Amino acid sequence: MSQAVDPKPPAGAITAVLVFAEAGDSGRALVAAAGALARDFDARLIGLGAQGLHPMPASSPYGGVTTAHWVAEMTAQLETELAEAETTFAAAAQGLALEWRTAHDMPARAMAAHARSADLLVIRATAQRDYFRTVDPGELVLHAGRPVLLAPQSDTPLRGEAVVVGWKETRESRRALADALPLLRRARTVALTAVHGPGEGAASAAALEQVCAYLAGHGIAAEPSPIEAPDADVVDLLNARAQAIGADLIVTGAYGQSRLREWVFGGVTRRLMDEPRTWLFMSH
């Protein structure tokens with residue numbers, strides 16, 4: 001059965017935002033931030049509560065409890081936590097067009113699957129490495145096929161008045177720039193920043209001028225800022241640039257090299273995700 005079709009939105013518009021919903025203050029702050037974006041773009045807000053069951057420990061702390069009983073107990077606890085997340089979501093997003101969904105699955109995998117319904121995915125950074133309860137941003141950005149907006153652990157709201165765009169001559173950077181156009185149009189200041197090696201200044205400046213012209217065609221005034229520095233300084237330079245102009249959002253492509261290589265040798269994407277100082281908008 002076909003769905004009713006809304007009037008055609010502008011090309012590249014954000015019509016639906018998918019947020020990973022959790023109970024508690026951090027969950028409330030994230031939903032409020034996602035809700036503010038949905039309100040600004042007159043978009044629908046979709047909340048997803050997702051958790052996976054931890055494997056049963058080899059030495060059960062429940063002593064003699066059967067696997068079936070353990071699974072039943074853990075499933076009941078999971079359902080309780082998802083219900084609390086739904087309550088938090090509904091309370092923090094009042095007044096919006098809302099939809100609530102749940103999944104008994106790994107959060108990153110569930111978010112990637114439900115990305116089929118959204119233009120933007122909103123999650124938060126966390127020091128907790130429990131991938132049965134929290135979203136792994138690296139896995140999500142690789143598999144979702146949608147841009148991911150990652151909130152810092154500080155739970156600060158997103159203003160988006162000043163934005164740093166980290167540019168590199170990669171497919172991922174081009175994808176991120178195009179995906180971020182709706183957010184860049186709202187910004188008063190857009191700093192287009194590229195880090196290059198010795199002898200590459202002229203080529204870097206020429207590329208940035210072309211990117212600025214592309215943005216100007218979309219009604220966005222951007223300031224080019226080529227910087228000569230070793231690759232190892234990229235993250236620090238992007239954060240410093242954001243601090244200098246009062247930006248609370250960095251836009252960047254994600255995983256220009258393989259994720260395995262980043263985990264082994266380190267990389268810009270991993271460092272940005274591990275301890276974000278600002279909101280991060282990432283596309284792969």
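As a basis for the values below, the full set of heavy atoms in this structure was taken, side chains included, without hydrogen atoms, waters or symmetry mates. All residue numbers in this chain count up from 1 along the given sequence. Not measured: the values here are computed from a predicted model.
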side-chain contact (heavy atoms from CB on, under 4.5 Å) assessment of Val251 paired with Leu183: CA-CA 10 Å; Val251 173; Leu183 293 180; over 6 Å; no
Atom pair CD (Glu22) and OG1 (Thr126), whose distance is rounded to the nearest 0.5 Å: 7.0 Å
pair Val122-Trp279: side-chain heavy atoms closer than 4.5 Å: yes
Asp248 side-chain N/O to Gly160 backbone N/O, donor-acceptor pair under 3.5 Å: yes
Report the C-alpha separation of Arg28 and Asp25 in whole Å, then their side-chain angles, then the decisive distance to 0.1 Å, and conclude whether the salt bridge (charged side-chain N to carboxylate O under 4.0 Å, His left out) test is met. CA-CA 5 Å; Arg28 189 175 298 107; Asp25 292 339; 2.8 Å; yes
Shortest non-hydrogen contact from Ala23 to Thr88? CA-OG1, 3.5 Å
Validation row: Thr269, Val141 side chains within 4.5 angstrom (heavy atoms): no
Flag yes if more than 12 heavy atoms outside Asp40 fall under 6.0 Å of its CG atom; otherwise flag no. yes
Any donor-acceptor N/O pair, His284 side chain to Leu142 backbone, under 3.5 Å: no
How about Arg101: does its CZ atom have over 12 heavy atoms from other parts shown lying under 6.0 Å from it? yes
Step by step, would you call Thr75 with His104 a side-chain contact (heavy atoms from CB on, under 4.5 Å)? CA-CA 9 Å; Thr75 300; His104 291 193; 4.3 Å; yes
Quick one: closest heavy-atom pair of Ala50 and Leu82, and the distance? N-CD2, 3.6 Å
Crowded around Arg188 CZ? As in, over 12 foreign heavy atoms under 6.0 Å? no
Counting C-beta onward and ignoring hydrogens, is there a side-chain heavy-atom pair between Thr102 and Glu86 closer than 4.5 Å? no
Which heavy atom in Gly166 sits nearest to a heavy atom in Leu238, and how many Å separate them? CA-CD2, 3.9 Å
Glu200, CD atom: more than 12 neighbouring heavy atoms under 6.0 Å: yes
Of all heavy-atom pairs linking Met282 and Ala254, the shortest is CB-CB, 4.1 Å
Might you point out which heavy atoms bring Ala112 and Leu140 nearest each other, and give the distance in Å? N-CD1, 3.6 Å
Please step through side-chain contact (heavy atoms from CB on, under 4.5 Å) for the pair Gln77 and Met74, ending with a clear verdict. CA-CA 5 Å; Gln77 179 180 327; Met74 293 300 100; 3.9 Å; yes
For Ala176 and Gly253, work out which heavy atoms get closest and say how close. CB-N, 3.7 Å
Spacing of CG belonging to Leu215 relative to CG belonging to Leu177, to within rounding of 0.5 Å: 5.0 Å
Is any side-chain heavy atom of Val148 less than 4.5 Å from a side-chain heavy atom of Pro137? no
Do Val164 and Ile245 have side chains that approach each other closer than 4.5 Å (heavy atoms only, starting at C-beta)? yes
Side-chain touch Glu99/Ser117, heavy atoms, less than 4.5 angstrom: no
Taking Leu120 as the fixed residue, which of Thr15, Val19, Leu37, Leu18 is the one that meets the side chain to side chain contact (heavy atoms under 4.5 Å, CB included) rule? Leu37
In this structure, CD1 of Ile123 is separated from OG1 of Thr134 (nearest 0.5 Å) by 9.0 Å
Measuring from atom CZ of Phe281 to atom CG of Leu121, what distance do you get when rounded to the nearest 0.5 angstrom? 9.5 Å
Mutual orientation of the aromatic rings belonging to Trp100 and Phe89 [parallel < 30°, tilted 30-60°, perpendicular > 60°]: tilted
With Arg133 via side-chain contact (heavy atoms from CB on, under 4.5 Å) - residues at least two apart: Gln51, His54, Glu81, Asp130
Would you say Arg124 and Phe20 make side-chain contact, with heavy atoms under 4.5 Å? no
To the closest 0.5 Å, what do you measure between CG (Leu53) and CG (Leu78)? 5.5 Å
Flag side-chain contact, heavy atom, 4.5 Å: Arg175 against Glu172: no
Gap between atom CZ of Arg146 and atom NE2 of His114 - 0.5 Å precision: 13.5 Å
Are any side-chain N or O atoms of Ser225 and backbone N or O atoms of Ala191, one a donor and one an acceptor, separated by less than 3.5 Å? no
What verdict does the side-chain contact (heavy atoms from CB on, under 4.5 Å) test give for Phe41 and Arg186, after you've listed the backbone C-alpha separation in whole Å, the side-chain angles of each residue and the deciding distance to 0.1 Å? CA-CA 10 Å; Phe41 289 105; Arg186 306 187 324 153; 3.6 Å; yes
